[in-house]
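For reference, the structure discussed in these notes is given below.
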Amino acid sequence: MVGAMSAGADPESYESAIAAARDKYCKREWAGALLDLRQALRVSENDAERAVAYLHMGNCHRASHDHQQALTAFEQVLKLKTVSANHVYQAQMGIESAAVRLNDEARARQACQEVVDDAGMAPPYHCTAWLRMAESHAREDQHEKAQQAIIQALGIDDVPLQLRVQSIMQLGNCFYTQSKYANAREAYESVLVMEGVPPDQLALAQHRIGLTWFSENDYDKARKALLAATEMPDNRRSLAESILYLGLIHVRRDENDLARAQLEKIANIKGAAKWHVRTAHSQLEQLEKRASGESTEPNVP
């Protein structure tokens with residue numbers, strides 16, 4: 001939330017109401033924050049102030065999981081006559097986020113489309129909207145449309161490096177989902193040779209390269225890529241999954257002791273997702289059954 005109260009501000013003023021709402025928002029007191037924001041709207045003097053109040057209201061409703069009310073609040077911004085491009089963008093992305101939570105993908109894409117159609121928006125806004133649109137198409141298994149939206153994002157100049165990297169990684173993920181592993185690998189590999197990419201993104205790209213080889217059953221290359229990912233700095237986003245897949249490679253090769261050594265690491269990795277832990281636990285149980293002769297099922301996770 002944005003806004004600050006100046007020294008000696010009138011307790012009934014717009015600035016005071018916004019500051020009080022900010023304080024309650026940080027304390028997760030959503031109902032109290034909304035009361036302050038309604039007061040801010042009552043005493044607001046122009047559309048810029050009203051836009052800020054409505055944006056804050058949308059954020060409060062979103063934080064309290066009332067996504068229909070969040071959608072309504074963000075839409076109020078678009079009804080104002082004099083609103084900055086930045087506030088319009090925030091409102092449209094708020095609408096997109098709320099619509100996704102409400103399972104209204106068409107409305108989510110409409111918000112993104114209105115951003116990309118607005119020539120007054122900055123290039124990073126256009127790029128982000130295309131990527132959000134791609135995510136929407138992907139959720140509905142419309143991967144060709146998702147791919148085209150990402151290509152549109154990649155065609156936009158003057159965007160920050162992080163957004164460019166996100167676009168390339170998203171394209172790789174889109175190819176991966178379509179089982180176009182060579183194309184996905186090419187996208188991930190291009191990230192590795194870019195200058196200035198944050199270490200966590202480099203490790204994630206290296207990890208994803210390993211997954212493409214794993215999906216093609218080339219376990220030697222998969223193992224090499226995944227091991228490289230585990231040795232890269234700041235690999236917290238991908239470490240657990242890299243080790244999990246290293247374990248699965250050994251499972252598929254019937255190298256049970258090596259598999260167990262990798263899989264047992266998962267539960268102790270900070271930030272490991274629940275499905276990482278569950279999968280590792282399930283595979284360890286299966287390995288124990290095989291070792292004791294209780295199971296003759298093949299090691300194919």
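Owing to the predicted nature of the structure, the values given are computational and were not obtained by experimental measurement.
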Under 4.0 Å between a side-chain nitrogen and a carboxylate oxygen: does that hold for [X] and [Y]?
| X | Y | value |
| --- | --- | --- |
| Glu140 | Lys145 | no |
| Glu114 | Arg109 | no |
| Glu96 | Arg101 | no |
| Asp47 | Lys79 | no |

[X] side-chain N/O to [Y] backbone N/O, donor-acceptor pair under 3.5 Å:
| X | Y | answer |
| --- | --- | --- |
| Gln283 | Leu263 | no |
| Tyr125 | Gln90 | no |
| Gln286 | Ser282 | no |
| Asn235 | Thr230 | yes |
| Ser167 | Leu163 | yes |
| Asp23 | Ala20 | no |
| His56 | Leu34 | no |

Might you point out which heavy atoms bring [X] and [Y] nearest each other, and give the distance in Å?
| X | Y | value |
| --- | --- | --- |
| Ala51 | Val83 | CB-CG1, 4.1 Å |
| Ala98 | Ala70 | CB-CB, 4.4 Å |
| Ile150 | Ala134 | CG1-CB, 3.5 Å |
| Arg132 | Cys112 | CB-SG, 3.6 Å |
| Val197 | Val165 | CG2-CG2, 3.9 Å |
| Gln201 | Val191 | O-CG1, 4.5 Å |

Considering only heavy atoms from C-beta outward, does the side chain of [X] approach that of [Y] to under 4.5 Å?
| X | Y | answer |
| --- | --- | --- |
| Met232 | Pro199 | no |
| Gln110 | Arg107 | yes |
| Glu195 | Leu161 | no |
| Tyr176 | Gln178 | no |
| Met57 | Gln69 | no |
| Phe214 | Leu246 | no |
| Arg139 | Val100 | yes |

Centres of the Tyr54 and Phe74 rings: under 6.0 Å?
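Distance test on ring centres: not under 6.0 Å, no.
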
Is the distance between the ring centroids of Phe175 and Tyr181 under 6.0 Å?
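They do not qualify: ring centres at least 6.0 Å apart.
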
Would Glu144 and Lys180 count as a salt bridge (Lys or Arg N to Asp or Glu O under 4.0 Å) here? Give the steps.
CA-CA 12 Å; Glu144 289 292 339; Lys180 298 178 180 178; 3.4 Å; yes

Asp36 and Tyr25: CA distance, side-chain angles, deciding distance, side-chain hydrogen bond (donor to acceptor under 3.5 Å, both in side chains) verdict:
CA-CA 10 Å; Asp36 290 324; Tyr25 183 91; over 6 Å; no

Please check if [X] and [Y] belong to a single hydrophobic cluster, counting links between Ile, Leu, Val, Met, Phe, Trp and Tyr side chain heavy atoms closer than 4.5 Å.
| X | Y | value |
| --- | --- | --- |
| Val52 | Leu35 | no |
| Ile18 | Val43 | yes |
| Leu258 | Ile249 | no |

Checking side-chain polar atoms at under 3.5 Å, does Ser13 have a donor or acceptor matched by the opposite partner on Ser16?
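A donor-acceptor contact under 3.5 Å links the two side chains.
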
Donor + acceptor pair across side chains of His143, Gln147 (<3.5 Å)
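No - no donor-acceptor pair under 3.5 Å links their side chains.
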
Going through the checks in order, is the side-chain hydrogen bond (donor to acceptor under 3.5 Å, both in side chains) test met by Arg252 and Tyr219?
CA-CA 9 Å; Arg252 290 193 173 188; Tyr219 300 129; 2.7 Å; yes

Does the side-chain hydrogen bond (donor to acceptor under 3.5 Å, both in side chains) test come out yes or no for His276 and Glu241, once each step is laid out?
CA-CA 7 Å; His276 295 147; Glu241 191 166 301; 3.0 Å; yes

Checking side-chain hydrogen bond (donor to acceptor under 3.5 Å, both in side chains) for the pair Ser84/Tyr89: CA distance, chi angles, key distance, verdict?
CA-CA 9 Å; Ser84 70; Tyr89 171 75; over 6 Å; no

The test is side-chain contact (heavy atoms from CB on, under 4.5 Å); show your working for Leu154 and Gln152 and say whether it passes.
CA-CA 5 Å; Leu154 286 167; Gln152 290 287 342; over 6 Å; no

Please assess Arg260 against Glu255 for the test salt bridge (Lys or Arg N to Asp or Glu O under 4.0 Å), listing each intermediate value before the final yes or no.
CA-CA 9 Å; Arg260 189 177 295 106; Glu255 298 167 343; over 6 Å; no

